[in-house]
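These notes are about the structure you will find just below.
All values derive from a computational prediction rather than experimental measurement. Position 1 is the first residue of the sequence; numbering continues from there.
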Amino acid sequence: QVQLVESGGGLVQPGGSLRLSCAAFGRFFSINAMGWYRQAPGKERELVATITSGGVTNYADSAQGRFTISRDNAKNTVYLQMNSLKPDDTAVYYCNVKAKIRSWSGENDYWGQGTQVTVSP
């Protein structure tokens, strides 16, 4: 199975920056796409950014130009650098990993426990 450990959330003023990290641990054959999602109070979980094993990235419109997703395949870790943060970015941020436990098994989704990001004066 795959366990995800997130870190880096916190309280920041508007215009500030935060860097989230998510490391995958456990016994698995491969990790494919990795990504970040967020859920604000009273809203549905939404995509923030994803990155494939080959480094191809995809961003939500709200994140484009302000956030940067990256990964270290040797460390099975994905990062989200968030700049120019706005109050609307306040949410619980969840790491997502698509992984195969065995070479012959299908791909499964795994989620981190979530880390709170609060943007407030």
Side-chain angles (χ1 to χ4, degrees):
Q1 297 298 315
V2 180
Q3 293 81 44
L4 303 178
V5 178
E6 302 174 6
S7 61
L11 173 65
V12 64
Q13 293 185 342
S17 298
L18 282 174
R19 188 190 194 211
L20 306 183
S21 299
C22 172
F25 298 94
R27 301 185 68 175
F28 44 85
F29 173 74
S30 65
I31 291 179
N32 302 324
M34 306 179 84
W36 291 94
Y37 292 72
R38 68 186 183 187
Q39 187 166 18
K43 296 186 177 181
E44 294 186 354
R45 190 173 297 188
E46 63 178 8
L47 169 73
V48 177
T50 61
I51 184 168
T52 69
S53 57
V56 177
T57 59
N58 177 56
Y59 294 94
D61 289 344
S62 58
Q64 189 74 45
R66 299 187 299 126
F67 295 1
T68 301
I69 189 170
S70 60
R71 65 190 283 172
D72 184 333
N73 290 332
K75 297 180 179 179
N76 294 319
T77 300
V78 62
Y79 306 95
L80 185 68
Q81 177 67 44
M82 303 185 293
N83 299 328
S84 303
L85 282 161
K86 307 173 183 178
D88 284 349
D89 295 317
T90 295
V92 177
Y93 284 69
Y94 295 91
C95 173
N96 172 263
V97 163
K98 299 185 186 301
K100 298 178 68 173
I101 302 302
R102 299 285 185 269
S103 60
W104 61 85
S105 63
E107 187 178 84
N108 292 323
D109 271 313
Y110 297 90
W111 293 91
Q113 78 281 4
T115 184
Q116 178 70 46
V117 171
T118 302
V119 184
S120 179

Note to self: Please enumerate all residues that pass side chain to side chain contact (heavy atoms under 4.5 Å, CB included) together with R27, with sequence neighbours excluded.
What the structure shows: none
Item checked: Shortest non-hydrogen contact between V48 and Y93, atoms and distance -> CG2-CE2, 4.1 Å
Item checked: Where at least one partner belongs to residues 46-110, residue pairs that pass disulfide (SG to SG under 2.5 Å), sequence neighbours excluded -> C22-C95
Only pairs under 3.5 Å count here: list side-chain donor-acceptor contacts from residues 113-121, not counting sequence neighbours, and write none if there are none.
residue, atom, partner, partner atom, Å
T115, OG1, G9, N, 3.3
Q116, NE2, A91, O, 3.4
Q116, NE2, T118, OG1, 3.3

Check: Taking only residues two or more places apart in sequence, or in another chain, which ones meet D109 in a side chain to side chain donor-acceptor pair (under 3.5 Å)?
Finding: N96, K98
Note to self: So E6 and L20, do their side chains get closer than 4.5 Å, heavy atoms only?
What the structure shows: no
Item checked: Those residues that, when tested against R19, pass salt bridge (charged side-chain N to carboxylate O under 4.0 Å, His left out) (two or more places apart) -> none
Next item on the list: Please list, chain by chain and in numerical order, all residues satisfying side chain to side chain donor-acceptor pair (under 3.5 Å) with N73, sequence neighbours excluded.
Entry: R71
Notebook entry, point to check: Which one of I69, T68, N58, V56 satisfies the side chain to side chain contact (heavy atoms under 4.5 Å, CB included) criterion with I51?
Noted result: I69
Checklist line | Pairs involving residues 53-66, ordered by first then second residue, that meet salt bridge (Lys or Arg N to Asp or Glu O under 4.0 Å) (sequence neighbours left out) | finding: R66-D89
Notebook entry, point to check: Would V92 and L47 show up in the same hydrophobic cluster when neighbours are defined by side-chain heavy atoms closer than 4.5 Å?
Noted result: yes
Check: Do L18 and Y94 belong to the same hydrophobic cluster, where Ile, Leu, Val, Met, Phe, Trp and Tyr are linked whenever their side-chain heavy atoms lie under 4.5 Å apart, directly or via other members?
Finding: no
Item checked: Qualifying ring-ring contact (aromatic ring centres under 6.0 Å, His included) pairs with a residue from residues 45-90, counting only residues at least two apart or across chains -> none
Next item on the list: Not counting sequence neighbours, list each pair that qualifies as a ring-ring contact (aromatic ring centres under 6.0 Å, His included) and has a residue in residues 12-35.
Entry: none
Check: Does S62 have any side chain to side chain donor-acceptor pair (under 3.5 Å) partners at least two apart in sequence or in another chain, and if so, which?
Finding: R38
Next item on the list: Sequence neighbours left out, what pairs pass ring-ring contact (aromatic ring centres under 6.0 Å, His included) with at least one residue falling in residues 32-53?
Entry: Y37-W111
Item checked: Which residues share a side chain to side chain donor-acceptor pair (under 3.5 Å) with S17, sequence neighbours left out -> N83
